[in-house]
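Down below is the structure, laid out as structure tokens.
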Amino acid sequence: RHPLATFFHLFFRVSAIVTYLFCDWFSNSFVACFVTILILLSFDFWSVKNVTGRLLVGLRWWNQIDEDGKSHWVFEAKRVPTIAASTEAEARIFWLGLIICPVIWTMFFFSTLFSLKLKWLALVIAGISLQTANLYGYIHCKLGGQKTISRATSRLFGTTDVPKSE
């Protein structure tokens, strides 16, 4: 149902990984490689968090600051079964991409550390951070959506009541 969302869910992730692996072959500029990969990671983070999560599995998460300046994390899951919003194959692609890519970036971390290519370490840590943040958010949505955190409104994903943690 959502082939374009499925494509971009994997495109930015795989592009960042492939660019990281082969950037030295095509460019001698560390800065150009660093910026290109960081932009791809940022596009991936944004598209997964704001688009593909909603379309492919019916989940979304965000941070909300209340009037007192307190930060609240909100995790939502659609009430309708996710299978109605997307196909089972799209959901599997979403979760596999969400889980496998942070593992790959973690392997890059150890590879970079042990090969003493420390200039790449900041980029690899950024990759791990962005990929793991999405994974963490969607796991909370999935687990919380089955318990009490699911608060979808009549619209696709309107505003939600934020449970107060005291």
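We're numbering straight along the sequence, starting at 1. Worth knowing before you read on, the calculation uses all heavy atoms, side chains too, and leaves out hydrogens, waters and symmetry mates.
Between the SG atom in C141 and the CZ atom in R54 there is a gap of 12.0 Å [rounded to 0.5 Å]. The NZ atom of K117 sits 8.5 Å away from the NZ atom of K119 when rounded to the nearest 0.5 Å. Atom CG of L56 and atom CD of E90 lie 5.5 Å apart (nearest 0.5 Å). Going from atom CG of L10 over to atom OG of S15 covers 10.0 Å, rounded to the nearest 0.5 Å. Within the model, atoms CD1 of I104 and CD1 of I128 stand 12.0 Å from one another, a figure rounded to the nearest 0.5 Å. Between the CG atom in L135 and the CD1 atom in I100 there is a gap of 11.5 Å [rounded to 0.5 Å].
In the hydrophobic clustering of ILVMFWY residues, with side-chain heavy atoms under 4.5 Å counting as a link, Y138 and I99 come out together. Cluster annotation: L121 and F114 are assigned to the same hydrophobic cluster (Ile/Leu/Val/Met/Phe/Trp/Tyr, side-chain heavy-atom contacts under 4.5 Å, transitive). Residue L118 is grouped with residue V124 when hydrophobic side chains (ILVMFWY) are merged at heavy-atom distances under 4.5 angstrom, including chains of intermediate members. A single hydrophobic cluster is not seen to contain both V103 and L113; linkage of ILVMFWY side chains at heavy-atom distances under 4.5 Å, directly or through other members, places them apart. L123 is not connected to L116 by any chain of hydrophobic side-chain contacts under 4.5 Å among Ile, Leu, Val, Met, Phe, Trp and Tyr, and they are in different clusters.
Under a cut-off of 6.0 angstrom, the local environment of CG in N28 is sparse, with at most 12 non-hydrogen atoms contributed by other residues, nucleotides or ligands.
Between F30 and F34, the angle of the ring planes lies from 30° to 60°, which puts this pair in the tilted group. Under the 30°/60° scheme for interplanar angles, the aromatic rings of F8 and F11 are found to stand perpendicular.
Between the side chain of R13 and the backbone N or O of G97 there is at least one donor-acceptor pair closer than 3.5 Å. A donor-acceptor distance shorter than 3.5 angstrom exists from the side chain of N50 to the backbone of W46, with no hydrogens or angles considered. Judged purely by atom type and a 3.5 angstrom limit, E76 has no side-chain atom pairing as donor or acceptor with the backbone of W61. At least one donor-acceptor pair under 3.5 Å links the side chain of S47 to the backbone N or O of F43. With hydrogens and angles ignored, the 3.5 Å screen pairs no side-chain donor or acceptor of S111 with any backbone N or O of M107.
For the pair N63 and S71, the tightest heavy-atom approach, listed with the atom from each and the gap, is ND2-OG, 2.7 Å.
Residues N134 and L130 form no side-chain contact, since every pair of their non-hydrogen atoms from C-beta on lies 4.5 Å or further apart. Proximity of Q131 to L41: side-chain heavy atoms (C-beta onward) are separated by under 4.5 Å at one or more points. Counting heavy atoms from C-beta on, the side chains of F94 and V48 come closer than 4.5 Å. Annotation: side chain of H2 is not in contact with side chain of T52 (no heavy-atom distance under 4.5 Å). Side-chain contact check for I37 versus W120: some heavy-atom pair is nearer than 4.5 Å. In this structure, the side chains of C33 and T19 stay at 4.5 Å or more apart for every pair of heavy atoms. The closest side-chain heavy-atom distance from L59 to F75 is not below 4.5 Å. Looking only at side-chain heavy atoms (C-beta outward), F45 and F12 stay at 4.5 Å or farther from each other.
A donor-acceptor contact closer than 3.5 angstrom links the side chains of Y20 and T112. D66 and H72 share a side-chain donor-acceptor pair at under 3.5 Å.
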Could you go through F22 and W25, starting from their C-alpha distance and side-chain angles, then the distance that decides it, and tell me whether this counts as ring-ring contact (aromatic ring centres under 6.0 Å, His included)? CA-CA 5 Å; F22 300 114; W25 289 6; 4.9 Å; yes
